[in-house]
Amino acid sequence: MPELPEVEVTRLSLADRIAGARIESVRMGKPLRWPLGIAADALVGRTVRAVRRRGKYLLLDLDDGLLLLHLGMSGSLHFAPRQPAAGAHDHFDLYTDRGILRLNDPRRFGAVVYAAAEDSAQAVKLLGRLGVEPLTEAFDPVAFHAGLKRRHAPVKQVLLAGDLVVGVGNIYASEALFLAGIRPTLRASRISRPRAEKLRAAVRDVLARAVAKGGSTLRDFSSADGQAGYFQLEAMVYDRAGLPCRVCGTAVKSIRQGQRATYFCPNCQKS
DNA sequence: AAAAGCCCCTGGATGC
DNA sequence: TGCATCCAGGGGCTTT
């Protein structure tokens with residue numbers, strides 16, 4: 001579920017409410033992708049200062065150190081003064097004087113990792129290879145085109161890789177390529193400067209609109225205050241195999257790239 | 001260096 | 001109803 005828009009929507013629904021919260025206790029469920037990296041009790045007494053986002057990671061800045069949270073494929077975070085009794089898929093609860101932050105993650109591809117500082121080895125291992133933030137000015141047309149130029153993989157997979165630009169997952173990669181009129185199988189190196197600019201604009205546009213719609217709720221995503229997202233209703237191609245293209249009526253095609261589904265319109269995305 | 005595969009894990013949908 | 005198979009929003013790691 002969680003690509004940049006869902007993670008950002010989570011952050012926005014959480015940051016103001018949790019800022020200043022003092023950690024009173026921590027409950028861990030089943031193991032997530034990686035160990036926490038600190039004794040849970042050592043977090044007690046620390047204060048959450050702010051919540052930032054880097055790619056698909058949420059960074060909880062503490063007055064001492066930070067927590068890196070990742071929602072994986074099936075994770076969601078909720079923050080409320082009270083929470084129901086922990087269920088089978090609630091694997092991390094941060095009890096604070098402002099409320100309980102709970103990570104629910106059935107598949108447990110998600111993670112909560114403590115790092116002493118953002119430049120500590122632990123943090124750099126996870127954040128170090130990440131590309132540019134697409135919704136900032138740093139996502140620059142010249143650098144983006146140059147980055148595409150040096151990659152020979154299909155452009156869809158270059159978008160997904162996250163080392164050129166972050167936050168674009170399987171839904172939004174297909175959507176952005178549709179908006180840019182680019183075939184997902186096209187080798188990144190073969191994209192012209194004007195088409196790279198079109199793709200850059202499409203990535204920004206689709207991600208920003210998805211944030212505005214509260215993200216995409218395909219199964220069970222909701223923001224930290226429980227709001228579902230509605231962007232999936234506007235999807236042009238994602239999960240629409242065989243259905244008519246919303247622009248030209250041609251049947252949307254589904255293929256597999258790197259063991260993930262890709263959707264595109266063979267007519268609107270000819271090359 | 002870059003690309004391609006392989007997994008981690010659970011649950012829902014589909015097919016026999 | 002039961003059981004097997006396939007698929008799912010990610011991404012680090014290993015192998016080519």
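Numbers restart at 1 for each chain; the letters A, B, ... are given by sequence-line order, proteins then strands.
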Can you check whether [Y]'s main-chain N or O pairs, donor with acceptor, with [X]'s side chain at less than 3.5 Å?
| X | Y | result |
| --- | --- | --- |
| A:N170 | A:A261 | yes |
| A:R183 | A:P266 | yes |
| A:R27 | A:D90 | yes |
| A:S174 | A:I171 | no |
| A:R102 | A:L77 | no |

At under 4.0 Å, does any side-chain N or O of [X] touch on OP1 or OP2 of [N]?
| X | N | value |
| --- | --- | --- |
| A:Y57 | C:dG12 | yes |
| A:H89 | B:dG11 | yes |
| A:H70 | C:dG11 | yes |

To the nearest angstrom, how far is [X] atom [atom1] from [N] atom [atom2]?
| X | N | atom1 | atom2 | value |
| --- | --- | --- | --- | --- |
| A:N170 | C:dC7 | CG | P | 13 Å |
| A:L58 | C:dG11 | CG | C1' | 16 Å |
| A:L164 | B:dA1 | CG | P | 16 Å |
| A:W34 | C:dC13 | CH2 | C1' | 10 Å |
| A:K30 | B:dC9 | NZ | C1' | 9 Å |
| A:L71 | B:dC9 | CG | P | 19 Å |
| A:L32 | B:dC8 | CG | C1' | 12 Å |
| A:D105 | B:dC9 | CG | P | 12 Å |

- Query: In residues 202-213 of chain A, which ones come under 4.0 Å of DNA chain B, going by heavy atoms?
  - Reply: none
- Has the side chain of A:R107 got a donor or acceptor atom sitting under 3.5 Å from an opposite partner on the base of C:dA8? yes
- Task: Determine, answering yes or no, if A:F109 is stacked on C:dG11 under the 5.5 Å centre rule and the 30° plane rule.
- Result: no
- Task: Can you see which heavy atom on A:R33 is nearest to which on A:A111, and at what distance?
- Result: CB-CB, 4.2 Å
- Query: Among C:dG12, C:dG10, B:dC9, which nucleotide sits nearest the side chain of A:R108?
  - Reply: B:dC9
- Query: Quick one: which of A:R53, A:R54, A:R52 gives a salt bridge (charged side-chain N to carboxylate O under 4.0 Å, His left out) with A:D61?
  - Reply: A:R52
- Query: Only one of A:R246, A:K213, A:R240 forms a salt bridge (charged side-chain N to carboxylate O under 4.0 Å, His left out) with A:E234, so which one is it?
  - Reply: A:K213
- Query: Residues from residues 123-130 of chain A sitting under 4.0 Å of DNA chain C, heavy atoms only?
  - Reply: A:K125, A:R129
- Note on the structure: Here the gap from A:F79 atom CZ to A:I18 atom CD1, rounded to the nearest 0.5 Å, amounts to 4.5 Å
- Query: Is the shortest heavy-atom distance from the side chain of A:L130 to the side chain of A:D163 under 4.5 Å?
  - Reply: no
- What distance, rounded to whole Å, do you find between the two P atoms, one in B:dC6 and one in C:dC6? 14 Å
- Task: Look at the aromatic rings of A:Y238 and A:Y263 and report parallel, tilted or perpendicular, splitting at 30° and 60°.
- Result: perpendicular
- Item | Watson-Crick/G-U partner (both atom distances under 3.5 Å) of B:dC9 | none
- Are the aromatic ring centres of A:F264 and A:F178 under 6.0 angstrom apart? no
- Criterion side chain to side chain donor-acceptor pair (under 3.5 Å) on A:D105 and A:S74, from CA distance to verdict: CA-CA 5 Å; A:D105 185 6; A:S74 58; 2.5 Å; yes
- Indicate, with a heavy-atom threshold strictly under 4.0 Å, whether A:G169 touches base, sugar-phosphate, or nothing. sugar-phosphate
- Query: How is A:A261 classified with respect to the nucleic acid when contacts are heavy atoms under 4.0 Å: base, sugar-phosphate, or nothing?
  - Reply: sugar-phosphate
What N/O pairs connect the protein and nucleotides 2-4 of chain B at under 3.5 Å? Give each pair on its own line.
residue	atom	partner	partner atom	Å
B:dA3	OP1	A:H152	N	2.3
B:dA3	OP1	A:A153	N	2.9
B:dA3	OP2	A:R151	NH1	3.1

